[in-house]
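Worksheet for the structure shown next.
Heads up: numbering here begins at 1 and tracks the sequence.
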Amino acid sequence: MSEHGYASGRLNLPFVGISTFGKKEYVWDWDAIDADVAVLGAPFDFGAQWRSGARFGPRAVREASTLFSFGHAGAYDHEDDATYLGGDVRIVDIGDADIIHTKTEESHTNIQVGVKKILDAGALPVVIGGDHSINIPCIRAFEEDCAKNGPIHVIQIDAHLDFVDERHGVTEGHGNPMRRAIEKDYVSGMTQLGIRNVSSTAKEGYDDARARGSDILSVRQVRELGPEAVLSRIPEGARYYVTIDIDAFCPSIASGTGTPSHGGFQYYDVLEILQGLSKRGDVVGMDLVEVAPAYDPSDSTQILAAQLLLNFIGFIFHNKKS
């Protein structure tokens, strides 16, 4: 029988205490990270081309994550007959990278330092944005790790391709991250899922992405293929970096974002792919971006983001043990 600690421990309800991610331990010293997973906030949204507000994403997702902080003995899933995120998986929250207003390069550098500290500690980096430009420093932080352990394959779940090379001198906005990623010699390829409708990238960007080895599927194509067929297109046994833009989801369940796009994924569309991915290879990093809580007074968007991250982390460590 699992030891829940309900009889002797604090009840510690979600609305009590400090809103770290999942109400996990806060580690302020980035040279003292000792954990399996370290959560870093990247509250930067100066790369947004339309509605701002994703700078408040990390704070909102952390608060939403307290809803799922009851797991005294992990979270039992009766469908999988498995307990996820038990006491054997140590998660810490290392706070936010320092953001300097109007300074993209300096802010990105501070995010990169945070991710590098997590990797140096041997933990899985989980970064909460911020706009999608924060993926640029996240991928940069993997250079030394990849030199030791091999390349990464990037899986993007998003409404937009984000493959703009340069526009009016902008090379590190939220429309550029996948183009910046594929330029790295330690990024072996890219799978881009959910891309649809009116995009931020012109046709030449799609041609460029495919020429560089990217596999691009829309929501309708993903649904037509089904999760197993989609997973079969992703290199097996690879090291995966997963970047999730919340606008990949339909605005009916995720309206709190700067660039909503109708026709998006529902929850299980993505969850089943993430669960399969955790069995197919080694997930070595992830970010979730573009949660802008002011546009969703119901809080559903940030709850979705927190639930998705916690489930994905659970799958990853459960399958490491299997």
Should Met190 and Ile216 be regarded as members of a common hydrophobic cluster, given that ILVMFWY residues are connected when their side-chain heavy atoms come within less than 4.5 Å of each other, either directly or indirectly?
-> yes
Got a salt bridge between [X] and [Y], using NZ or NE/NH1/NH2 to carboxylate O under 4.0 Å?
{"X": "Asp215", "Y": "Arg210", "value": "no"}
{"X": "Lys24", "Y": "Asp93", "value": "no"}
{"X": "Arg179", "Y": "Asp162", "value": "no"}
{"X": "Asp96", "Y": "Arg62", "value": "yes"}

Hey, are [Y] and [X] close enough side-chain-wise for a donor-acceptor pair under 3.5 Å?
{"X": "His160", "Y": "Asp247", "result": "yes"}
{"X": "Asp299", "Y": "Gln302", "result": "yes"}
{"X": "Ser52", "Y": "Asp45", "result": "no"}
{"X": "Ser278", "Y": "His318", "result": "no"}
{"X": "Ser133", "Y": "His108", "result": "yes"}

Ring centres of Tyr267 and Phe249 under 6.0 Å apart?
->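 Here the rings of Phe249 and Tyr267 have centres that are no less than 6.0 Å from each other.
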Could you tell me whether Glu183 atom CD has more than 12 heavy atoms of other residues or ligands within 6.0 Å of it?
-> yes
Quick check: are there more than 12 heavy atoms from other residues, nucleotides or ligands sitting under 6.0 Å from CZ of Arg59?
-> no
